[in-house]
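Everything below concerns the one structure shown next.
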Amino acid sequence: MTETIRWGILGAANFAKTQMGPAIHLARNATLAALATSSTAKGAAFQDLFPELRLHDSYDALLADPEIDAVYIPLPNHIHVTWTEKALAAGKPVLTEKPVGMSVAEVDQLIAARDASGCLAAEAFMILHHPQWHRAKQLVAEGAIGELVQICGAFTYDNRDMANIRNRAETGGGGLRDIGVYPIGAARFIMGAEPVVDRVDVRWEEGVDTFVDATCHFGTVPFRFYVGTRAHLWQEMTFHGTSGVLRVSAPFNAVDFGPAQVHLLRPNKEAQTFAFHTDFQYVHQVEAFGHSLRTGAPYPVPLEFSRGTQALIDAIFDAATA
């Protein structure tokens, strides 16, 4: 593996242009080398930002490019598995947007494909590359808020464009798959355990979930979260303990939603705020992937972690349709 990881992107998604493309450009020992798109206009828009970018007119052509060391996939949810498997079959390590699969069975399929290929494959679950979450986990583990009593999470935005892939059942749309992964994954990371579903309320619109309110538990610790795609933009994670409260105020879109801060509130003590103003989670994610490729070190967020989040999503959908 070369010292500088040469990345290729499958598809000219706007998110790739505004977030992951710049992150690859800014990351140490990484370069954005190629893009696969059949759209001349979209390709030109990327080249305006990255003039040295090579364009391929098909995904297969990029996967066959010997000068690409790793592939990033921001395609619609329902074809994540297909193109992740194709990348692995082509011998390309691959970072695929969440949700990496549509079910536990599909994630298991990808784990098997990863192991058979010998290439690194992972879900682009960027938040766990941000140091605010590692600080939050440390504080909870150290007993800074005593024993956990309750975990609460929320993530909402307002998207009523029914032509958008996030609102289309056939492309794997819906709020739980799009943003439910974040409060679920964050809580699982802090707890180091798997939650069990107690109760769910799901609202549907044209076959996709537009609001999910779920109550779960980690042993004796309740975990409640809601996600919605027809509501005012909001996100927050709170960990309530017997002797304090830990609040992550921009837990999922640090910088874009607000400054990355972890707030520790305890009775009779001055509130503490741990700030992470110079950290960019997408850049950290690219650097972590490259580090694992170059050194063989375990990737911090393996597919096995993604499988646990998908298992709860499956359980919530099962409970909603029972």
Side-chain angles (χ1 to χ4, degrees), residues 1-37 42-43 45-56 59 62 65 67-77 80 83-84 87 92-100 120-134 155 178-179 181-182 185-186 189 235 250-260 276-295 297 299-302 305-306:
M1 184 62 63
T2 60
E3 180 64 20
T4 297
I5 305 300
R6 300 167 297 183
W7 285 84
I9 298 177
L10 296 191
N14 187 61
F15 179 80
K17 184 173 70 175
T18 62
Q19 296 287 0
M20 278 298 290
I24 293 169
H25 181 70
L26 291 171
R28 293 170 296 177
N29 301 313
T31 185
L32 179 55
L35 171 74
T37 178
K42 290 182 178 180
F46 269 79
Q47 285 184 318
D48 286 342
L49 297 173
F50 313 105
E52 303 300 319
L53 189 70
R54 298 193 313 278
L55 297 180
H56 292 289
Y59 302 158
L62 187 146
D65 187 340
E67 296 186 6
I68 293 300
D69 302 310
V71 174
Y72 168 64
I73 297 179
L75 298 171
N77 294 345
H80 283 176
W83 285 101
T84 300
K92 305 293 189 187
V94 56
L95 183 66
T96 300
E97 264 309 320
K98 50 77 199 166
V100 72
L120 176 60
E123 181 179 59
F125 193 64
M126 75 291 187
I127 68 169
L128 296 190
H129 299 279
H130 200 295
Q132 70 173 347
W133 279 108
H134 296 271
F155 195 176
D178 188 36
I179 52 178
V181 295
Y182 294 118
F189 175 70
Q235 54 185 262
F252 313 128
N253 297 123
V255 179
D256 291 331
F257 181 74
F276 305 86
H277 297 319
T278 61
D279 291 282
F280 298 94
Q281 56 196 5
Y282 298 110
V283 174
H284 289 324
Q285 177 177 245
V286 172
E287 292 179 347
F289 197 91
H291 177 72
S292 292
L293 286 187
R294 289 190 302 273
T295 67
Y299 186 64
V301 192
F305 182 88
S306 302

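Using cut-offs of 30° and 60° for the angle between ring planes, the Phe305 and Phe125 rings count as tilted. Using the six-membered ring where Trp is involved, Trp7 and Phe289 have ring planes that are tilted, between 30° and 60° apart. Ring orientation note: the planes of His284 and His130 are nearly perpendicular, at an angle over 60° on the 30°/60° scale.
Between Ile179 and Phe252, the closest side-chain pair of non-hydrogen atoms is not below 4.5 Å. Tyr59 is listed as a side-chain neighbour of Leu75, based on a closest heavy-atom distance under 4.5 Å. A heavy-atom distance below 4.5 Å is found between the side chains of Gln285 and Met20. In this structure, Pro74 and Ile9 have side chains that are in contact, with non-hydrogen atoms separated by less than 4.5 Å. Proximity of Arg6 to Leu32: side-chain heavy atoms (C-beta onward) are nowhere separated by under 4.5 Å. Taking 4.5 Å as the limit, some side-chain heavy atom of Tyr182 sits within range of a side-chain heavy atom of Ile127.
Remark: His25 NE2 is loosely packed, at most 12 non-hydrogen atoms of other residues, nucleotides or ligands lying under 6.0 Å away.
When all heavy atoms are compared, the tightest approach of Ala70 to Ile5 is CB-CG2, 3.8 Å. For the residue pair Phe46 and Ala13, the shortest heavy atom distance occurs at CZ-O, 3.7 Å. Between Leu35 and Gly11, the shortest heavy-atom distance links the atoms CD1-O, 3.5 Å. Scanning both residues, Gly8 and Ile68, for their nearest heavy atoms gives N-CG2, 3.8 Å. When all heavy atoms of Ala33 and Leu53 are compared, the closest pair comes out as C-CD1, 3.6 Å. Scanning all heavy atoms of the two residues, the minimum distance from Ala36 to Leu62 falls at N-CD1, 3.6 Å.
Residues Phe189 and Trp133 keep their aromatic ring centres 6.0 Å or farther apart. A ring-centre distance under 6.0 Å is not found for Tyr72 and Phe15.
Counting only distance, with no hydrogens or angles, the side chain of Gln235 and the backbone of Asn253 share a donor-acceptor pair below 3.5 Å. Using modelled atom types, no side-chain atom of Thr4 and backbone atom of Asn29 make a donor-acceptor pair closer than 3.5 Å. Not one N or O on the side chain of Glu123 forms a donor-acceptor pair closer than 3.5 Å with the backbone of Lys98. One N or O on the side chain of Gln132 and one on the backbone of Ala250 form a donor-acceptor pair closer than 3.5 Å. In this structure a side-chain-to-backbone donor-acceptor pair under 3.5 Å is present from His80 to Glu97.
Considering CG of Leu120 and OH of Tyr299, their distance stands at 7.5 Å, rounded to 0.5 Å.
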message: Go through it in stages, so that I can follow the logic: the residues are Arg54 and Asp65, the test is salt bridge (Lys or Arg N to Asp or Glu O under 4.0 Å), and I'd like the CA-CA distance, side-chain angles, deciding distance and then a yes or no.
response: CA-CA 10 Å; Arg54 298 193 313 278; Asp65 187 340; 2.4 Å; yes
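A salt bridge is defined here as a Lys NZ or Arg NE, NH1 or NH2 lying under 4.0 Å from an Asp or Glu carboxylate O, and Arg28 with Glu287 meets this definition. Using a cut-off of 4.0 Å between Lys/Arg side-chain N and Asp/Glu carboxylate O, Lys92 and Asp69 are scored as not salt-bridged.
Applying the side-chain hydrogen bond (donor to acceptor under 3.5 Å, both in side chains) test to pairs two or more places apart or on separate chains, those with a residue in residues 11-23 are Gln19-Asp256.
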